[in-house]
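Counting convention: from 1, in listed order, for ligands and their atoms alike.
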Amino acid sequence: MTSSRKTNLLGISRPALRDLFVEWGEKPFHAEQVMKWIHQRGVLEFAAMTDISKALRTRLEERCTLSLPDFSQHHASDDGSHKWVLEVASGSKVEMVFIPEAGRGTLCVSSQAGCSLDCSFCATGKQGFDSNLSAAEIVAQLWWANRQLAGGDGRSERAVSNVVMMGMGEPLLNFDNVMEAVQIMMDDCAYGLSKRKVTISTSGVVPAIRNMRGRTDASLAVSLHAPNDALRSQIMPINRKYPIAELLDAVRSYMSSLSDKRLPVIEYTLIAGINDHRQHARDLAELLANFPCKINLIPFNPFALSDYKRPSGSAVSNFRQILLQAGYTVTVRTTRADDIGAACGQLVGEVADQTRRSARHQKRAAGAASGVLATDKLRASADRL
Ligand code: SAH
Ligand code: SF4
């Protein structure tokens, strides 16, 4: 495909586009016009960008492309949630999920196909790493959700108000592409999302958190999941490389680089009998005593390849109570938000798993049957929402 050698403008930030135009001897302000056509009006044909010169449109057509991944599968749940599976350049399938809530619409975006970090409670981790998504493939998830959810011409109010990088993969191991994509999401000539409403979730890639300083001012969520290094290393192998003290120090340093007062979110997935004892809650309260943050408790979402169990309602409530008494702001994912976790950490795994099987099937058979299987699996998982 010749287009694959062209620059996909869906994933090019405004400064980079301005540079490109200057390099071409064009006025840099055309970058603003082109960005608005693509991201605000949803136009993917250069020929339709009528407020720029014919000469520039022709040049764009020759050297650039505006291509979307294939969003072949979609499921709309009764509660208003949507899931899409997209096929990325590597041939892998990843997923994004839209969850409407009162006053906001959150899109859970994927940054990698698979993940190399192998956290013991995560289905994506069980897949291993497949590939990084390009900046265009990351931005395309937001472009697509807004277009699909707005209905009609897509000019009505945009549906997605918040983006969380909590889909498949570790965003900070795909650093440059994620930074470029986040910049586009927050650009007023594109989606104009506020820095408080774009959240990067990380398992704790310390050098990359340090590199975020000055590169972005997006919000940060940290997957902690344990109050001490021994336990965290057991469930999150990355902790052996970057232990808790280093992680918290890097997060503190990033937060202090921001121009406004914002707190990081500490995510804590509660797994029955592993990290959900009262003593773990007391230890967590002590660990974070001098670390300003909000805490989000996520009851574990069970999946086929894991023996872990979801904690009882009373275990979750006891854990929360101890943190509240210690003065923390604590949220617990509700049943529905709980399933965002399932969607992000778990359902994607099932789809990807199915995809691999599909790939094998397709070599032998027609491929249609495996497509049906993947869709069925998706529907079954979506029904849990
Ligand atoms: N790699 C990043 C972002 C993707 S995972 C990270 O680890 O932060 C998004 C969130 O889902 C993380 O907090 C992760 O710990 C959580 N998660 C993964 N699998 C889960 C499961 N089975 N149940 C509950 N939460 C899960
Ligand atoms: Fe990767 Fe995050 Fe899953 Fe860990 S929890 S394996 S870092 S996607």
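Under 4.0 angstrom from ligand 1, there are no non-hydrogen atoms of M168. Here L117 has no heavy atoms under 4.0 Å from ligand 1, in either its backbone or its side chain. Contacts between E170 and ligand 1, counted as non-hydrogen atom pairs separated by less than 4.0 Å, involve both the backbone and the side chain. Only the side chain of T269 comes within 4.0 Å of ligand 1, counting heavy atoms alone; its backbone N, CA, C and O stay farther away.
Judged by distance alone, the side chain of N318 and the main-chain N or O of R278 form no donor-acceptor pair under 3.5 Å. Checking side-chain atoms of S233 against main-chain N and O of D229 turns up a donor-acceptor pair under 3.5 Å. Here the side chain of R213 pairs no donor or acceptor atom with the backbone of S257 at under 3.5 angstrom.
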Criterion side chain to side chain donor-acceptor pair (under 3.5 Å) on S131 and S90, from CA distance to verdict: CA-CA 7 Å; S131 60; S90 65; 2.9 Å; yes

Check the pair H75, H82 against ring-ring contact (aromatic ring centres under 6.0 Å, His included), reporting the backbone distance first and the verdict last. CA-CA 6 Å; H75 183 89; H82 290 260; 8.9 Å; no

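Side-chain heavy atoms closer than 4.5 Å link hydrophobic residues (I, L, V, M, F, W, Y) into clusters, and following such links, even through other members, never connects V265 to V330.
Close contacts between ligand 2 and S203 involve ligand atoms 7 (S) [criterion: under 4.0 Å to a heavy atom]. Which parts of ligand 1 touch M165 is read off a 4.0 Å heavy-atom cut-off, strictly below it: atoms 3 (C). Residue D118 approaches ligand 2 through these ligand atoms, each under 4.0 Å from one of its heavy atoms: 6 (S). Within ligand 2, counting atoms from 1 as listed, the ones closer than 4.0 Å to a heavy atom of G125 are 6 (S). Against a heavy-atom cut-off of under 4.0 Å, S203 is close to the following atoms of ligand 1: 6 (C), 7 (O), 8 (O).
Taking atom 3 (Fe) of ligand 2 as the reference point, the nearest protein heavy-atom neighbour is C122 SG, 2.3 Å. Ranking the protein heavy atoms by distance from atom 2 (Fe) of ligand 2 puts G169 O, 4.5 Å first. Counting only heavy atoms of the protein, atom 4 (Fe) of ligand 2 lies nearest to C119 SG, 2.3 Å.
The option from E267, H225, R310 that lies nearest to atom 15 (O) of ligand 1, judged by heavy atoms, is H225. If you check each of S223, G169, S201 against atom 1 (N) of ligand 1, the one with the closest non-hydrogen atom is G169.
Inspection of the E87 and S92 side chains reveals no N or O donor paired with an N or O acceptor under 3.5 Å.
Atom 6 (S) of ligand 2 is flagged as protein-proximal [any protein heavy atom, distance under 4.0 Å].
One of the N, O or S atoms belonging to C115 lies under 2.8 Å away from atom 1 (Fe) of ligand 2.
Within the 4.0 Å heavy-atom cutoff, G167 counts among the residues contacting ligand 1.
Under the 6.0 Å cut-off for aromatic ring centres, F319 and Y268 qualify, their centroids lying closer than that. You'll find the ring centres of F71 and W144 inside the 6.0 Å limit.
The shortest N/O to N/O separation between F121 and ligand 1 falls below 3.5 Å.
For the pair E26 and R18, the salt-bridge criterion is not met [side-chain N within less than 4.0 Å of a carboxylate O]. Electrostatic pairing of D188 and R14 does not count as a salt bridge here, judged by no charged N lying under 4.0 Å from a carboxylate O.
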